[in-house]
Amino acid sequence: MCLLLQYGFINTCLKSLVVEKYGEETWEKLRLQAGVQDSFLTFEVYKDEITMQLVDKACKILGVPADMVLREFGEYFFEFCKRSGYDHMLRTLGGNLYEFIENLDALHSYLSLSYQEMNAPSFRVEKNEDGSMHLHYYSDRRGLCHIVPGIIGAAALDFFNIELSMEIVNQTEEEERTGKKEHIVFLVTQNPVFSYKERNEFSSSPQYVADSDLEKSKNAVRDRGSSVCPVKKSHWKTIRGIITLGRGKLLRGFDPVYPKSLWIDTKTFCNGLPFHMVFDKELRVKQAGVSIQKIVPGLRTMGICLDHYFSIVHPEVPFTISSIQKFINSQFVFQTRREMMPESWKQRPMLELRGQMIWMESLQCMLYLCSPLLRTLHELEERQMHIADIAPHDVTRDLILLNQQRLAEMELSNQLERKKEELRILSKHLEEEKKKTEALLYAMLPQHVANQLKEGKRVEAGEFKECTILFSDVVTFTNICAQCEPIQIVLMLNSMYLRFDRLTTVHDVYKVETIGDAYMVVGGVPVPVSTHAERVANFALGMIIAAKDVQNPVSGNPIQIRVGIHTGPVLAGVVGEKMPRYCLFGDTVNIASRMESHGVPSKIHLSSSAYQCLKYKNFEMTERGEIEVKGKGKMHTYFLIRNKTATENEIMGRPMKDLDSGHESAQVKPATEEPRNRNIRSNFCTLL
């Protein structure tokens with residue numbers, strides 16, 4: 001039943017097993033290591049190496065031996081086949097395990113009508129006197145024999161309520177026409193499974209009670225002698241007893257009646273069975289049907305050797321009586337030899353015959369009852385044959401017509417599956433592009449604001465009672481621009497802004513619109529937090545350190561920046577439709593800007609309100625005193641010097657070495673009251 005190993009069905013089953021039992025992440029890791037695609041088309045032919053790669057990587061990732069993986073896969077494959085619509089087909093193969101296995105090759109032969117590239121294994125089963133069986137497994141694929149116990153064991157338990165013990169007793173490679181074929185012999189031991197309820201029902205069954213009563217009656221007869229007369233059972237009681245004995249089923253056993261002589265003449269037999277052949281141990285043809293004689297004229301000469309005109313396609317065995325007898329229960333497929341066909345046939349595809357071998361012991365001859373192996377009307381036309389060439393009783397006539405429809409449905413299903421896969425890939429790419437678009441949108445607007453705008457909602461303006469705003473600029477930026485090429489200015493600013501942007505993530509502050517050399521961030525907007533001043537202060541300290549790594553293109557020395565910070569209330573909202581922007585309004589923005597413009601190079605200038613927020617937060621600050629601020633008059637200001645408890649590495653968010661283990665670890669920030677999306681970047685409109 002390893003029936004579809006070349007088709008996507010088997011790989012789809014393997015993916016389903018991994019996802020169902022080990023999760024999507026395990027499958028993703030498995031397929032990436034194996035270097036295979038994520039999905040497989042059911043009717044698409046794939047290389048065997050893909051399946052073998054998946055099995056090999058599964059063993060390594062799961063840490064399980066190959067035989068256990070294959071056995072588990074075999075059990076799951078049986079259930080997967082049932083769920084895929086093969087349940088009834090499998091159940092009807094046989095009434096017991098022996099018949100089930102014996103007809104697996106016939107099932108493969110039927111499926112090959114639709115799955116024309118299928119390379120299925122062969123099975124042969126032998127009964128032993130002790131009730132066990134020897135199962136012979138032949139396959140061109142090495143190393144997959146452990147799937148067989150999984151599949152056969154699952155089928156036996158499901159269909160026949162039998163637990164199996166299967167062990168390999170012999171393993172060889174047999175030289176066949178196509179090369180080496182793996183031959184595995186399993187010893188199959190059956191153990192019926194009875195539930196507690198079934199055991200009770202069995203012990204109290206009518207047959208068991210009847211046997212007990214019968215024994216009592218016999219004892220009573222012995223005690224009373226011959227005075228008790230036997231009671232004659234009626235006809236219906238006898239029938240009822242047979243049915244009871246068979247536990248509800250009429251017994252199968254019967255003795256067939258054969259006529260003293262065969263009541264059919266030779267001519268009628270050859271016309272009634274137009275595709276049949278009889279040959280002896282030396283493969284000499286003794287008899288052939290009329291239709292096969294018409295196609296292969298050489299068969300009209302009795303006594304010719306059959307292997308001169310035909311080759312065996314399936315099973316792949318030598319053309320000898322002993323090989324045929326070994327596979328007597330298999331369906332045999334013969335193919336005409338091109339060199340022995342009439343000239344009119346040599347340009348056509350060769351005819352294949354499929355049928356059953358029957359050994360006639362009394363005549364020491366083999367009867368091959370067969371039919372043309374034709375899958376579609378196109379194949380019939382290619383061989384210039386007609387439906388009329390096939391006997392009316394031969395179901396091949398119906399099979400060709402039904403399979404024509406089946407192949408058309410499969411092709412349609414395959415096209416739909418391809419379109420579905422294309423849509424899945426497009427959907428995946430669309431999702432990736434959507435994430436990129438959203439990331440870009442969230443870099444321009446706060447996430448909650450962007451989401452409301454996407455939904456067509458109006459974003460209401462909001463008042464923030466307290467937040468901390470920072471402005472910075474590059475000292476002598478105008479002079480630098482006058483003496484440098486534009487590209488040098490762009491490279492300098494990009495180098496500086498990349499460092500600052502990383503710090504916004506480290507300290508969880510909100511980046512503001514950059515105009516020229518001006519850079520602005522805010523803490524506590526758009527998500528209010530109580531630690532807004534500490535976050536902005538730590539960010540400012542990081543800016544001073546980061547600026548030392550940015551080179552002035554004129555002097556070659558590190559650039560210098562001025563930083564100003566102020567704390568106060570603001571009003572925030574979305575302005576505009578074509579290019580909507582999240583804007584801040586209020587005097588707090590003006591004062592923060594004045595703190596930067598009245599600042600000192602490489603210093604962090606604080607307003608008195610910002611100083612009050614940081615006064616008891618482990619920051620070292622010095623008083624600057626009163627200064628004249630444009631538009632504000634005299635203001636008392638301060639300088640921020642350092643964070644007393646944080647190191648430079650912590651301020652910069654650099655990986656730190658664990659003193660105990662020596663391993664690098666990222667610095668973890670102190671917990672904040674409210675989490676926010678660190679990837680948000682917004683444009684703020686400042687009202688000056």
Side-chain angles (χ1 to χ4, degrees), residues 443 446 464 466-474 493 495-514 517-550 559-568 570 584 588-589 591-593 595-596 599 601-607 609-611 613-614 617-621 638-654 666-682 684 686:
F464 295 85
E466 189 175 69
C467 69
T468 299
I469 297 175
L470 174 151
F471 277 95
S472 75
D473 73 345
V474 178
L493 291 177
S495 176
M496 181 178 70
Y497 289 161
L498 285 175
R499 288 170 168 80
F500 291 175
D501 288 348
R502 194 184 70 83
L503 287 172
T504 61
T505 302
V506 172
H507 298 290
D508 204 4
V509 293
Y510 202 98
K511 182 180 177 180
V512 181
E513 178 180 32
T514 56
D517 63 325
Y519 194 95
M520 178 185 174
V521 299
V522 62
V525 176
V527 180
V529 290
S530 61
T531 56
H532 54 86
E534 297 99 296
R535 295 183 185 191
V536 173
N538 285 323
F539 174 78
L541 292 170
M543 291 178 79
I544 299 296
I545 298 170
K548 296 176 182 178
D549 295 329
V550 182
I559 63 169
Q560 289 184 308
I561 63 171
R562 283 188 297 261
V563 180
I565 299 175
H566 176 63
T567 299
V570 296
L584 292 180
T588 300
V589 178
I591 297 175
S593 177
M595 289 298 101
E596 175 268 317
S602 299
K603 293 284 187 179
I604 302 170
H605 196 198
L606 303 176
S607 68
S609 61
Y611 170 79
C613 287
L614 298 173
K617 302 294 184 181
N618 295 315
F619 287 95
E620 181 181 337
M621 294 171 286
Y638 302 81
F639 287 122
L640 174 64
I641 306 302
R642 67 185 181 93
N643 186 320
K644 297 177 182 179
T645 59
T647 65
E648 181 177 311
N649 284 337
E650 290 173 337
I651 293 292
M652 299 303 293
R654 295 168 183 156
Q667 172 63 26
V668 180
K669 298 196 299 108
T672 58
E673 286 83 349
E674 296 184 38
R676 64 185 289 268
N677 190 335
R678 298 182 183 176
N679 295 323
I680 298 176
R681 176 179 180 270
S682 175
F684 277 61
T686 60

Check: Between Tyr519 and Phe471, does the ring centre distance come in under 6.0 Å?
Finding: no

Next item on the list: Verify, without hydrogens or angle tests, whether Arg502 (side chain) and Leu498 (backbone) share a donor-acceptor contact under 3.5 angstrom.
Entry: no

Note to self: With a 4.5 Å cut-off on side-chain heavy atoms, are Leu584 and Phe464 touching?
What the structure shows: no

Checklist line | Test side chain to side chain contact (heavy atoms under 4.5 Å, CB included) applied to Leu640 and Leu541, step by step | finding: CA-CA 8 Å; Leu640 174 64; Leu541 292 170; 4.1 Å; yes

Note to self: Can you give me the closest heavy-atom contact between Thr567 and Cys613, atom names plus distance?
What the structure shows: CG2-SG, 3.8 Å

Next item on the list: Check whether the side chains of Thr468 and His566 place a donor and an acceptor atom closer than 3.5 Å, and report yes or no.
Entry: no

Note to self: Looking only at the side chains, is there a donor atom on one of Glu466 and His532 sitting less than 3.5 Å from an acceptor on the other?
What the structure shows: yes

Margin query: Can you list everything that forms a ring pair (Phe, Tyr, Trp, His ring centres under 6.0 Å) with Tyr611? Sequence neighbours excluded, please.
Written below: Tyr638

Checklist line | Working for side chain to side chain contact (heavy atoms under 4.5 Å, CB included), residues Met496 and Ile559 | finding: CA-CA 9 Å; Met496 181 178 70; Ile559 63 169; 3.6 Å; yes

Notebook entry, point to check: Where the side chain of Thr531 meets the backbone of Glu534, is there a donor-acceptor pair that is under 3.5 Å apart?
Noted result: no

Note to self: Are Arg535 and Val529 packed together at the side-chain level, in the sense that at least one heavy-atom pair is separated by less than 4.5 angstrom?
What the structure shows: yes

Note to self: Counting C-beta onward and ignoring hydrogens, is there a side-chain heavy-atom pair between Ser472 and Arg562 closer than 4.5 Å?
What the structure shows: no

Note to self: Check this for me: does any side-chain nitrogen of one of Lys644 and Glu620 sit under 4.0 Å from a carboxylate oxygen of the other?
What the structure shows: no

Check: Roughly how far apart are Ile561 CD1 and Ser602 OG, rounded to 0.5 Å?
Finding: 7.0 Å

Next item on the list: Check the pair Met652, Val506 against side chain to side chain contact (heavy atoms under 4.5 Å, CB included), reporting the backbone distance first and the verdict last.
Entry: CA-CA 8 Å; Met652 299 303 293; Val506 172; over 6 Å; no

Item checked: Shortest non-hydrogen contact between Ile565 and Met595, atoms and distance -> O-CG, 3.7 Å

Next item on the list: Measure the spacing between OG of Ser495 and CG of Asp549 and express it to the nearest 0.5 Å.
Entry: 8.0 Å

Notebook entry, point to check: Which heavy atom in Pro446 sits nearest to a heavy atom in Pro526, and how many Å separate them?
Noted result: CB-CG, 3.8 Å

Next item on the list: Check whether any side-chain heavy atom of Leu606 lies under 4.5 Å from a side-chain heavy atom of Met621, and answer yes or no.
Entry: yes

Margin query: Using side-chain heavy atoms (C-beta onward) and a distance below 4.5 Å, is Glu648 in contact with Arg654?
Written below: yes

Notebook entry, point to check: Can you tell me how far the CG atom of Asn618 sits from the OG1 atom of Thr645, to the nearest 0.5 Å?
Noted result: 4.5 Å

Next item on the list: Starting at CZ of Phe639, measure out to CD1 of Ile604 and round the result to the nearest 0.5 Å.
Entry: 10.5 Å

Margin query: Less than 3.5 Å apart, any donor N or O on the side chain of Asn643 or Asn538 sitting next to an acceptor on the other?
Written below: yes

Margin query: When you compare the side chain of Val522 with that of Val509, does any pair of heavy atoms fall below 4.5 Å?
Written below: no

Item checked: Atom pair CG/CE of Leu470 and Met520 - distance to nearest 0.5 Å -> 8.5 Å

Notebook entry, point to check: Given side chains that start at C-beta, do those of Val525 and Tyr510 come closer than 4.5 Å, heavy atoms only?
Noted result: no

Item checked: Nearest non-hydrogen partners of Arg499 and Val550, listed with the distance -> CD-CG2, 4.0 Å

Check: Can you find a pair of side-chain heavy atoms, one from Lys511 and one from Asp501, that are under 4.5 Å apart?
Finding: yes

Checklist line | Point-to-point distance, once rounded to the nearest 0.5 Å, from NZ of Lys617 to CG of Leu614 | finding: 8.5 Å

